[in-house]
Amino acid sequence: MSICEGILQVMEEQATAQQFSRVKSVWLEIGPLAGVELEALRFGFDVVTRHSLADGARLEIIEMPGTAWCLECSKSVPIRQRFDACPDCGSFQLQITGGDELRIKELEVD
């Protein structure tokens, strides 16, 4: 719920700054390492945005890939969750380089 409240706060700030009155659609980029349960986010978004400038807005989620740099084999590898082993060499010495993001990519407004 707090993530949804933060998203609504950003939309309200942008509505004031860019002078729009209604949000019709929201596109979020979310990686698998962001620690966000997508179904809970969808439910929370509907609840939090009720009676706001985003009431009835469509929530679109763009799932971003998880990536890490393997210190052993010196290359970028895909990962699905934190503490995964390198799919190539089996090392656990991975530095996350992508997939931990949660950001508003785009708003469709009136």
Side-chain angles (χ1 to χ4, degrees):
M1 290 296 247
S2 64
I3 291 172
C4 296
E5 290 170 351
I7 292 167
L8 179 59
Q9 182 179 358
V10 169
M11 290 188 292
E12 289 170 342
E13 290 169 0
Q14 289 304 306
T16 301
Q18 297 183 30
Q19 300 179 351
F20 58 84
S21 60
R22 184 170 178 274
V23 175
K24 296 182 348 183
S25 299
V26 180
W27 284 266
L28 299 178
E29 290 182 333
I30 303 176
L33 310 175
V36 175
E37 177 59 46
L38 298 182
E39 288 309 311
L41 180 71
R42 288 181 197 283
F43 173 78
F45 183 81
D46 289 339
V47 170
V48 168
T49 59
R50 197 168 294 145
H51 306 296
S52 74
L53 78 156
D55 191 0
R58 189 174 78 238
L59 178 62
E60 299 288 339
I61 296 176
I62 303 164
E63 294 186 50
M64 305 299 290
T67 56
W69 180 257
C70 179
L71 299 173
E72 281 294 315
C73 57
S74 298
K75 60 182 173 179
S76 184
V77 295
I79 58 173
R80 285 184 256 150
Q81 59 187 9
R82 292 186 187 276
F83 310 113
D84 272 356
C86 174
D88 292 340
C89 72
S91 171
F92 286 95
Q93 295 182 347
L94 299 176
Q95 181 177 5
I96 295 170
T97 57
D100 57 350
E101 58 269 61
L102 167 60
R103 68 177 144 241
I104 299 171
K105 178 178 173 53
E106 188 175 331
L107 297 174
E108 180 182 1
V109 299
D110 275 338

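We use all heavy atoms of the structure for the numbers below, so side chains are in, but hydrogens, waters and symmetry mates are not. Just so it is clear, the structure is predicted and the values come from calculations on it, not from any experiment.
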Participant: Under 4.5 Å between side-chain heavy atoms, counting indirect links through other Ile/Leu/Val/Met/Phe/Trp/Tyr residues: same cluster for Leu107 and Ile61 or not?
Facilitator: yes
Participant: Rounded to the nearest 0.5 Å, how far apart are OG of Ser21 and CG of Asp110?
Facilitator: 6.5 Å
Participant: Within a strict 4.5 Å, meaning less than it, do heavy atoms of the Met1 and Val47 side chains meet?
Facilitator: yes
Participant: Would you give the length of the straight line joining atom CG of Leu41 to atom CD1 of Ile30, rounded to the nearest 0.5 angstrom?
Facilitator: 5.0 Å
Participant: When clusters are formed from ILVMFWY side-chain contacts under 4.5 Å, directly or step by step, what else is grouped with Ile62?
Facilitator: Trp27, Met64
Participant: Considering residues at least two apart in sequence or located in another chain, which fulfil the salt bridge (charged side-chain N to carboxylate O under 4.0 Å, His left out) criterion with Glu106?
Facilitator: none
Participant: Should Arg22 and Val109 count as side-chain neighbours, where that means a heavy-atom distance under 4.5 Å?
Facilitator: no
Participant: May I ask whether Ile96 and Leu94 are part of the same hydrophobic cluster, defined by side-chain heavy atoms of I, L, V, M, F, W, Y residues being less than 4.5 angstrom apart, directly or through others?
Facilitator: yes
Participant: What I'd like to find out is whether the side chain of Leu38 reaches to under 4.5 Å of the side chain of Glu63, using heavy atoms alone.
Facilitator: yes
Participant: Can you list, pair by pair, the side-chain donor-acceptor contacts under 3.5 Å of residues 70-87, counting residues two or more places apart and other chains?
Facilitator:
{"unit_1": "Lys75", "atom_1": "NZ", "unit_2": "Asp88", "atom_2": "OD2", "d": "2.9"}
{"unit_1": "Arg82", "atom_1": "NH2", "unit_2": "Leu33", "atom_2": "O", "d": "3.1"}
{"unit_1": "Asp84", "atom_1": "OD2", "unit_2": "Arg80", "atom_2": "N", "d": "3.0"}
{"unit_1": "Asp84", "atom_1": "OD2", "unit_2": "Gln81", "atom_2": "N", "d": "3.2"}

Participant: Measuring only between side-chain heavy atoms, which start at C-beta, is Ile7 closer than 4.5 Å to Thr49?
Facilitator: no
Participant: Between Val10 and Leu8, is there shared hydrophobic-cluster membership here, with clusters defined by ILVMFWY side-chain heavy atoms closer than 4.5 Å?
Facilitator: yes
Participant: Val26 and Met11: side chain to side chain contact (heavy atoms under 4.5 Å, CB included), yes or no, with the steps?
Facilitator: CA-CA 9 Å; Val26 180; Met11 290 188 292; 3.5 Å; yes
Participant: Using modelled atom types and a 3.5 Å cut-off, is there a donor and acceptor pairing between side-chain atoms of Gln14 and backbone atoms of Glu12?
Facilitator: no
Participant: Going through the distances and angles, do Leu59 and Arg42 end up as a side chain to side chain contact (heavy atoms under 4.5 Å, CB included)?
Facilitator: CA-CA 7 Å; Leu59 178 62; Arg42 288 181 197 283; 4.2 Å; yes
Participant: When you look at CD of Glu13, are more than 12 heavy atoms from neighbouring residues, nucleotides or ligands closer to it than 6.0 Å?
Facilitator: yes
